[in-house]
Structures are given as structure tokens and as C-alpha cells.
Amino acid sequence: MASRFNALKADAHWQQVWDERRTFAADDHSAKPKTYVLEMFPYPSGKIHMGHVRNYTMGDVLARYRRMTGHEVLHPMGWDAFGMPAENAAMEKGVHPGNWTRSNIATMKAQLKRLGFALDWTRELATCEPNYYGHEQALFLAFYEAGLVYRKESAVNWDPVDMTVLANEQVIDGRGWRSGALVEKRKLSQWFLKITQFADELIEGLGSLEHWPDKVRLMQENWIGRSQGLRFRFALSDGGSVEVFTTRPDTIYGASFVAVAADHPIAQALAAQNSEAAAFIERCKQGGTTAAELETQEKLGFDTGLTASHPLGAGELPVYIANFVLMEYGTGAVFGVPAHDQRDFEFATKYDLPIRRVVADGERTDPAFDDDAAYTGPGVLVNSCELDGMSVEDAKRSVIARAQEAGWGEGTTVYRLRDWGVSRQRYWGTPIPIIHCAACGEVPVPSAQLPVVLPEDVSFDVPGNPLDRHPTWKHVACPTCGGEALRDTDTLDTFADSSWYFIRFASAPGDKPFDQAVAESWLPVGQYIGGVEHAILHLLYARFWTRALRHVGLLDVAEPFTGLFTQGMVTHETYRLDIPDHDGPPAALWVNPADLSVGEGGALSFMTEAGASIPVIRGRVEKMSKSKKNTVDPEPIVDQYGADAVRWFMLSDSPPERDLEWSENGIEGAWRFVQRLWRLVDADRDTGENRDAALDRKLHQTIAGIATDIEALSFNKAVAKLYELTSAVEKAPASASRAEAIDTLIRLVAPMVPHLAEEAWAARGETGLVADAAWPAVDPAMLVEDEVTIAVQVNGKLRDTLMMPKGAPKDTTEAAALASEKVARLLDGKPPRKVIVVPDRLVNIVA
RNA sequence: GCGGACGUGGCGGAAUCGGUAGACGCUGGAGACUUAAAAUCUUCUGCCCAUGGCGUGCGGGUUCGAGUCCCGCCGUCCGCACCA
């Protein structure tokens, strides 16, 4: 008689066995083919959430499956442990960021272990420990020596709430990505990594990443934003000059003005003498930066009174300061061609500047332009002297060639991508290993003095950077002259920490960041899994860091992650208190699902502490978040249903790239299936001697299908096939085939429900662990059916089906179809006009 | 505005090359077992004017045959955004 599967007992037992035997420790010296499966490591914020569970379950199934197919699998885990929340906790609760972080790590590690992930914990790392960030400092200095790091006074994005600098990538709609505060511009001396030096490579490399989502490749390409064009100087009427960049050199004869950015040196110089100009510049800076504001914002200009000489002798153009020109892109100055650029068109219309057609719009070649929008399409050049008659593309090439010959301009490539500003005015990060000496300037910390360790005794009672106000830490002797000097008190952007952790997982010697040969034996990561929110920031920085390491000769890997999968979020219904005249903050109305009471007819309510019952409205299904209070804590769920049921639910139903809606029904269903599986594998087996050909075929088709599905990360399809096989086995009468199918089924489900699989494997008297077992072999002969169902259509509509032996000749199939009673009735004695036979599939009779 | 993805029953979703639409799961109905309930098992479950007809967002097209290909719309979601 089958027993009930005691998940809690089995979970604990097998997790201990895997631990003791170090089952999932990866062997650097293995002779097996090596595979690296990695999920994005978590920030230790406190507890794991459902998103982690889903992410790590997917990676785990793949890792376990790869082990079964004979690979040496590296599947490590660690902690992205530096960052703002630890400092916020320090400020709010008075705990040290280090204690807060390490205690969170301990909690979350226990939670991950509770889910039975096949992780190599011997390689665990935390970026906040000196044995990690010290090596990062060494890499930073290697980049410094190679000229990939520089310091520059620049206008930076300053987050007034977090009191730190943000990279461009971290500014979203003009607000800090974390604090949501409006970002200000400040001038600060900052360290930069030369990511732009690799801009072309980073674009070209995308082409080789076939196993990345197209969407992510496109996002990176757009982010790098390469444009080719012409850069040239206009001579100005005051004897100076202004350099502009254009991607449309072909339209040069259509230019009617020059515009510079508000913070362009020419504008600044003018503002110093002219209060009207200064006022205009001030006004430009006030403009909002959100989508809606930019959409409706009027083009504004200020006439400097200067004129610029057209390089091809087409007259003098007025020079404006304009609010739509960005100092950060190109040269911070443009020439305006109103007929063929929408912004220039709006500007020229407002300030009554000439609008002259230079690209024919179909038949229209007249220089006078009277449309109400710029023409930006292709065409033939007109009203452009020697360019007349050329295509836009030919004219571009011609103008660039001519400019280069005559020496007044050159063909250039411009990028949207900026160098990566990495200085952060924070405590909880990797100290930048540079010393500032009044006599010697910037001096790198000698390698013998690494790591530069964060001081423990810091205070968070006032905002700002605790490192900077620490009484002693920053005071050091200059390594070069021995005089009094100061440490750089900034720390590195935490994205630096996550830019190379996957290399340290592969190789973590004590005396250097990694051993090149060992690291290269594992890298690149064959399958990387994480959220799409990292499509630009983290993935671009890691690709850059890998290239920078190659540049300095430390690692010869082209791309860090050859396979990328971006999984969907875990969502849940939201619940809101039904209080119509509520006048407090709307956030206060959200209710956590765990706090709901279900009344008659499914009506929801919330019981207050005072015992009052408030009705609750169901809201939209949204990503689980603290603010909407629609989170479900995985921990009690795992304790209630066991790790396998939770894992199974995470893989069921939704395709992994789409969102998964958490539901009580869903987890209950998963739990039922785990029990059902157990009843099947645990039941007495009447082996018998007879074979069951249909079941054999079903089994082998399932083995092959699941392998394909897991490799494609289509877990929901693999789950469906396992349901089918389970039903088929349950219904099959006792036979040798059935007993064999049950044994095989244990291995097929092992990557997904490993605890149950181990328990069943042991109960069957198998030696060793199912985790170490081989994936069942497929007999290709079994994949082929010997009988097939043929669809019989009349005029493309299904009317009947026939059973035919596989490979039946066309004429036999056709005859059988025409013999069908239903077909005969529809044909009504008339001969068919045409009959199409697709062997082993269908017959279509055209009446 | 630019770029991209998607749209299939009450719900999540299958349909791998243009060839039987709705696999599998959830929900729901009916039944068995039980004193009863839970659990479990069996069975049904796209819609309708039902020997048939209609059905994959809408309108066209190609084809013997379209969820799948082409053209034009509509809707939802995502990314970027005054990028010269």
C-alpha cells in the first residue's frame, strides 16, 4: 500500500546527504565536458522572495539535467552584498551595514538550502568581504595602469536623497533609479572607466550572441547608439569657431542656422557679458525631462548675434543658443536644416528662418517648402550645387570626402554611450584604491598594501559619506614620497562588483583575482538566467569588464555569457480596502493576501485589530512588491507544501519568459501532483513478462521531448509531458514496460522534484543518488509510430479520420479516404475535382 | 515620436516545417467511495438556433488547406526618447 510522501522529512534528509557528500561541488580537474550554469546572484536584502525561487529553480533544473547528461557542471551562488539598502538600514535602525548584510546572507542562504538547489556552496562569495573586493581593487589598478581609468571634473547626476552620484544608466526619466528623487547636475571630480573605447566591440559582439534574446541585444545596441556622420567647424564672425556634428551632411546646402547647447562654452561666454543670455540659459535648465514634458516642450532659441560662415560658401548663418541641443551628445552644437529635420523645422518656423528643400520629395523639387512637417525620407538631392542628382547616401559620402580633402571636417562616429562614472560618495562599497598626494598627484595603492579595507567604526547619524568624515582612515603616507596624503574616500559603483563575480566563481585563489587557465576552463557562462531589468546596466558592464580584462591580458574570453535567458516576474492579485472616502495616502489601502479573510461567496474582508471587518476589493494582477503588499513569502509555503511542490509550481503553466501568477490553486495543484507521483512510484510493482508497445513508445517520446524542452528552457512544456506520461502509466495494466516506465519516470522528474526522486530512487533499492544517475537513453526506433491517424478533409474542413499503417502509399490512403461514408455523403455521387494527399497526415478532397 | 514583442475557451497556456485548433494544468458540472467531510477515483467541460454551423483581436489577400505567410487596421505590454 502506497504511503504519503513526507516532503518535510525527505527534504531535510536529502539536503543533508547532498551536503555531506558534496554532490554539487564542481571539479576543476574533471575530464567531463564543463558547463557553467549561472543565475544572477541576489542582493541580500533580508529574505528571499518568489522571484528568486523562480529564477533559481529554472537554473537548477538545467544544472541537474546537465549533470545527468554527463557534464561537469559549475552552478555557484553568492551575494551582491554592497549597496545602499545596508546604509539605509544603518541610518534607520542603527545597525552596522556589515552586520545587517551578513545576517541577511545567513538567513537567505538557509532559505536557498531549504529549496534543495544543486549549488556548489564551496565557491560561495560575498562582494562585501575584503577577499573579494581586494581583488577588485587590484583589477581596478590593472585597468588604471592600462589607461582604462581616468579622473575628470565633470557635471554629474547627483541624487539629492541618496547623496551620491549616479551613472547615466541609473537615471530614469530624470530621477534616481533607486530613490526616485529628481536628479541634479553637479560638478565633481570623478573616476571613469573607458567603456566608450570598446563601444564598437560591444556592438559587434552582439552579433555573436545567438543565444541571447533579440530584445536584449537590440536594447544594448540602441543604448550604445552608434551614429556615423561628419564633424566640422564653422568660422564665426567674432573670429572664433564652433564645431558641429551631423548624420546628414548631404543636407548641408539646406542649413539655415547654427544652434549650440545652453551649457556650450560659446553660450557660457556670452552669458558672462549678457544678462539676457544668462536668463535664457537659466530658463533652459528648468525644463522638465519627462517624456510628456519633452513631447510638448516648445523649441526655444536665443540669437547670439554671431554668424557662422557656411563651409561651402553658401552664405552666413545666424547662431542661436537653443534648448533642444544637448551638450552631452556629439559636439553640443548643430546646424539646422529645417526642411529635413523635424526639430529644426519647428525652430525655424518659430523664429522665421529660411526653410529650403534640398532633398526631393517624390516629384517635388521646388526650394520653397510649404509642408507642415520636415521631410526625412529618401530622395534625390536638389538645390545643392554639385550634389544635385545624387541620392542621399551618395551625397553623404561625397560631402564627407570633400570635407576631408579640403581639410574643414572629417567623417566621425558618435556614440550615445558615455564613459562609466564609477565614483560613489558612499560607505558600503569597494574603496577606490587611489591616494591623493599634494606633491605626487594621484598615486595608486601599491599591490602589497591591498586590500584597502573599509573601516568598521563609522557613524551614520548625519547624511553624506561616512568615509570622508572618518577621523583617521583617509590619512595615509604617500606611497611615492612618504609625505602626508589622503585616500580617495569614494567607493566603486556596486555594478563593478557584479561585473566579474562569475569569474571569481570559476577560480578564486587567495593571492590574485583568479587563475587565468582555470577561469578559462569554465568560461564563458553557457547559460545565464535573470531578470530583464538587467538588460542594459549589468549585462553591458560585465561585457565591458570582460573585454577590459582581455585588453590588459588577464583573461582571454570574448563574451562572458554566451547564453542569456530573461525570466518573467512572479505576480499576484492586489487587494485594497474598500473605504470610499479614504483621505490618507493611497498606499495605506493595500492589504497583504495573508491578512485576508474569505467570507461567503468568496467575499474578501480584512479584520482590524479592534475586531472590525472592512470589505476588500480585488485589484489588478501585478508584480509582487512591498508597496502593493501583494507579496507571498516563500518560507511558510515551503514549510507547508515542501520544496518539490514549490519548485514544480514555479515550472508549470506559464512559459518561463512570461509572468507567472502566484495562486493558492496553483500550489495546491502542484502539491497534489507530487503526491500522485509518489503513489505511482511507491506502489508495488507487478513486473510481469509482457511488453506494452504503446507505453514503451510513449515513454521514449517523453524522454526525448523533455530533453528538448529542458534544453530550450521550456519547462512548462516538459511539465505537460510529465503529466501525460504519469497519466498513461497510471492507466496502463501491469507489464514489464510499466515497471520500466516507473523507474525511468523517477529520473525524468529528478531535475524538477529532486527530493521525491531521491526518496523513490532509494526506495527502489538503487545504489547511489539519482542526482548522479544518467539521463535515460532514448531508443530512436521507439519514437516512430507504426500506425497514424489521417485527417480526411473535404474542401479543407475536417470530416473524418482514418487509422492507417505508417508509410502507407498515397493511392491506398486516397482510396481509403474516398471510401469514407461521410465523404461519400458530401460528394453526393459527384467525382472529386482534386485530391491532395499528405502522407501520414491528411487527405484533402476538393469537391 | 522611434524601435520591439504580443493578442488562442471562464483562466494559465499547447499546436516544433502552412496540414485534425484548444495538448497539459486550473476552475466548474455529474457520478463512485464514505454515516459525513476531506483525500482519491471515473467522467464531462470553446460557442451556437446542433445529423449541422461558427470559432485563434478586426478587415482583406495568397493557398487544395492559414493560429502560423502577405497587406491594412485595432488593442495591450516593454525599451528608448529633443541623440543632430
Side-chain angles (χ1 to χ4, degrees), chain A residues 2 4 172-173 213-223 225-227 229-230 244-248 251 259 261 287 289-291 293-295 297-299 322-326 328-337 340-344 346-347 414-417 532-533 535-536 621 649 652-655 657-661 663-666 668-670 672-673 675-676 679 705 708-709 712 714 716-727 730 789-802 822 825 832-838 840-847:
Chain A
R4 216 169 121 97
I172 295 147
D173 285 342
D214 291 341
K215 175 188 169 132
V216 175
R217 291 196 289 184
L218 195 68
M219 281 166 72
Q220 292 216 350
E221 193 179 330
N222 290 341
W223 187 266
R226 178 163 64 187
S227 317
L230 173 70
V244 300
F245 172 75
T246 179
T247 55
R248 293 294 304 273
T251 62
T289 47
T290 65
E293 285 168 310
L294 286 178
E295 197 75 11
Q297 203 169 79
E298 206 179 356
K299 304 284 176 284
N323 66 342
F324 66 90
V325 181
L326 305 171
E328 302 85 55
Y329 185 78
T331 61
V334 298
F335 70 82
V337 183
H340 305 291
D341 180 284
Q342 186 58 29
R343 286 160 315 173
D344 296 346
E346 288 168 33
F347 190 81
V414 161
Y415 302 89
R416 208 187 82 110
L417 184 70
V532 72
E533 66 274 20
I536 294 169
V621 173
F649 177 54
S652 320
D653 293 347
S654 285
E657 68 277 9
R658 286 201 217 163
D659 291 351
L660 171 72
E661 189 186 346
S663 73
E664 203 65 25
N665 283 330
E668 296 265 358
R672 274 201 302 273
F673 179 70
Q675 291 299 335
R676 189 175 147 204
R679 282 193 296 276
T708 307
D709 290 339
S714 299
N716 58 320
K717 294 187 213 169
V719 161
K721 289 190 176 80
L722 285 167
Y723 273 115
E724 278 190 68
L725 179 64
T726 303
S727 295
E730 281 171 343
T789 311
I790 307 280
V792 179
Q793 299 179 336
V794 176
N795 291 335
K797 282 184 180 148
L798 182 73
R799 297 298 172 179
D800 203 357
T801 59
L802 305 170
K822 290 182 185 170
R825 199 190 312 147
R833 254 190 279 173
K834 193 172 172 188
V835 180
I836 286 120
V837 181
V838 182
D840 296 334
R841 274 214 173 260
L842 64 68
V843 179
N844 188 14
I845 295 154
V846 186

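When reading the values below, keep in mind they use all heavy atoms of this one structure, side chains included, and skip hydrogens, waters and symmetry mates. All chains are named by letter (A, B, ...) in the order of the sequence lines, taking the proteins before the strands, and each is independently numbered beginning at 1.
When the side-chain nitrogen and oxygen atoms of R841(A) are compared with OP1 and OP2 of G65(B), none of them lie within a distance under 4.0 Å. Not one side-chain nitrogen or oxygen of Y723(A) sits closer than 4.0 Å to the OP1 or OP2 atom of G25(B). In this structure, S652(A) does not reach the G12(B) phosphate: none of its side-chain N or O atoms is under 4.0 Å from OP1 or OP2. Between R825(A) and G52(B), a side-chain N or O to OP1/OP2 separation shorter than 4.0 Å is present. Applying the 4.0 Å criterion to OP1 and OP2 of C83(B), one finds that R343(A) has a side-chain N or O inside that range. For the OP1/OP2 pair of A5(B) and a distance below 4.0 Å, the side-chain nitrogens and oxygens of K215(A) include no atom meeting the criterion. Dashed line: the shortest gap from a side-chain N or O of N665(A) to OP1 or OP2 of U27(B) is under 4.0 Å. Within the 4.0 Å cut-off from OP1 or OP2 of G13(B), at least one side-chain nitrogen or oxygen of R658(A) is found. At U16(B), none of the side-chain N or O atoms of K717(A) fall inside 4.0 Å of OP1 or OP2 (strictly under the cut-off). Residue N716(A) places at least one side-chain N or O under 4.0 Å from the OP1 or OP2 atom of A14(B).
Taking atom C1' on both G1(B) and A15(B), the two are 38 Å apart, rounded to the nearest angstrom. When the P atom is compared between G46(B) and A21(B), the two are found 15 Å apart, to the nearest whole Å. Of the P atoms belonging to C41(B) and C78(B), the separation is 41 Å, rounded to the nearest Å. Between the C1' atoms of C2(B) and A81(B), the separation comes to 8 Å (whole Å). Comparing the C1' positions of G12(B) and G18(B) gives a spacing of 27 Å, expressed to the nearest Å. Nucleotides A5(B) and G10(B), compared at atom P, are 28 Å apart to the nearest Å. Taking atom C1' in both U8(B) and G57(B), the straight-line distance is 10 Å, to the nearest Å. On the P atoms, C77(B) is 30 Å away from C17(B), given to the nearest whole Å.
When distances run from any side-chain atom of L842(A) to the nucleotides U20(B), G52(B), A84(B), the shortest one goes to U20(B). When each of G12(B), C82(B), C64(B) is scored by its nearest atom to the side-chain atoms of K834(A), the top-ranked nucleotide is C64(B). Nearest nucleotide to the R679(A) side chain, out of G19(B), A84(B), C41(B): C41(B). Distance from the side chain of A791(A) is smallest for U20(B) among the nucleotides G13(B), U20(B), A84(B). Nearest to the side chain of S227(A), among A84(B), C80(B), G25(B), sits A84(B). Which of A14(B), U20(B), C26(B) sits closest to the side chain of T801(A) comes down to U20(B). For L218(A), counting side-chain heavy atoms from C-beta on, the closest listed nucleotide (A84(B), G3(B), G79(B)) is G3(B). In this structure, the nucleotide among C41(B), C24(B), G3(B) sitting nearest to the side chain of N222(A) is G3(B).
In this structure, the side chain of N844(A) engages the main chain of G796(A) through a donor-acceptor pair within 3.5 Å.
Following rounding to the nearest Å, E533(A) (CD) and C80(B) (C1') show an atom-to-atom distance of 17 Å. Note: CG (D800(A)) to P (U51(B)) measures 17 Å, nearest angstrom. If you measure from atom CZ of F324(A) to atom C1' of G1(B), you get 16 Å, rounded to the nearest angstrom. Put simply, CG on D341(A) is 14 Å from C1' on C2(B), counting in whole angstrom units. The interatomic distance linking M219(A) (CE) with A5(B) (C1') rounds to 12 Å, in whole Å. Taking atom CD of Q220(A) as the reference point, atom P of G79(B) lies 15 Å away to the nearest angstrom. The distance between atom CG of L798(A) and atom P of G53(B), rounded to the nearest whole Å, is 12 Å. Regarding F347(A), its CZ atom lies at a distance of 18 Å from the P atom of A84(B), rounded to whole Å.
Counting heavy atoms from C-beta on, the side chains of V337(A) and R248(A) never come closer than 4.5 Å. Contact of the V532(A) side chain with the K215(A) side chain is registered, since non-hydrogen atoms from C-beta on lie closer than 4.5 Å. Side-chain atoms of L842(A) and V792(A), non-hydrogen and from C-beta on, never get closer than 4.5 Å to each other. The closest side-chain heavy-atom distance from V719(A) to F673(A) is not below 4.5 Å. Side chains of R679(A) and Q675(A) form a contact here, defined as non-hydrogen atoms less than 4.5 Å apart. Using a 4.5 Å cut-off on side-chain heavy atoms (C-beta onward), F335(A) and T251(A) make contact.
Along RNA chain B, the nucleotide closest to N323(A) and the one closest to R799(A) are compared, and the more 5′ of them pairs with R799(A). Judged by closest nucleotide on RNA chain B, P655(A) is the one of P655(A) and F335(A) placed further toward the 5' end.
At a cut-off of 3.5 angstrom, the base of C82(B) holds at least one donor-acceptor pair with the side chain of K299(A). Judged by distance alone with a 3.5 Å cut-off, no donor-acceptor contact links the side chain of R672(A) to the base of A39(B). For N844(A) against C64(B), a side-chain N or O and a base N or O form a donor-acceptor pair under 3.5 Å.
Across every strand in view, C2(B) sits in a pair with G79(B) that passes the Watson-Crick or G-U test at under 3.5 angstrom. Base-pair partner of A39(B): not found among the strands shown (Watson-Crick or G-U wobble, both distances under 3.5 Å).
Considering all non-hydrogen atoms of both residues, S663(A) and G666(A) come closest at OG-N, 2.9 Å. For the pair F347(A) and K299(A), the tightest heavy-atom approach, listed with the atom from each and the gap, is CD1-CB, 4.0 Å.
Evaluated for a side chain to side chain donor-acceptor pair (under 3.5 Å) with K721(A), the options T708(A), T726(A), D709(A) yield exactly one hit, D709(A).
In this structure C78(B) sits in the anti conformation; its chi angle is more than 90° from 0. Here G10(B) is in the anti range [glycosidic angle more than 90° from 0].
As judged by a 4.0 angstrom heavy-atom cut-off over every strand, V325(A) is placed among the base-contacting residues. Note on V846(A): only backbone sugar-phosphate atoms sit closer than 4.0 angstrom, heavy atoms only; bases stay farther off. Across all strands shown, T331(A) has no heavy atoms under 4.0 Å from either base or sugar-phosphate atoms. Base engagement by Q793(A) is indicated by at least one non-hydrogen atom pair under 4.0 Å involving a base atom.
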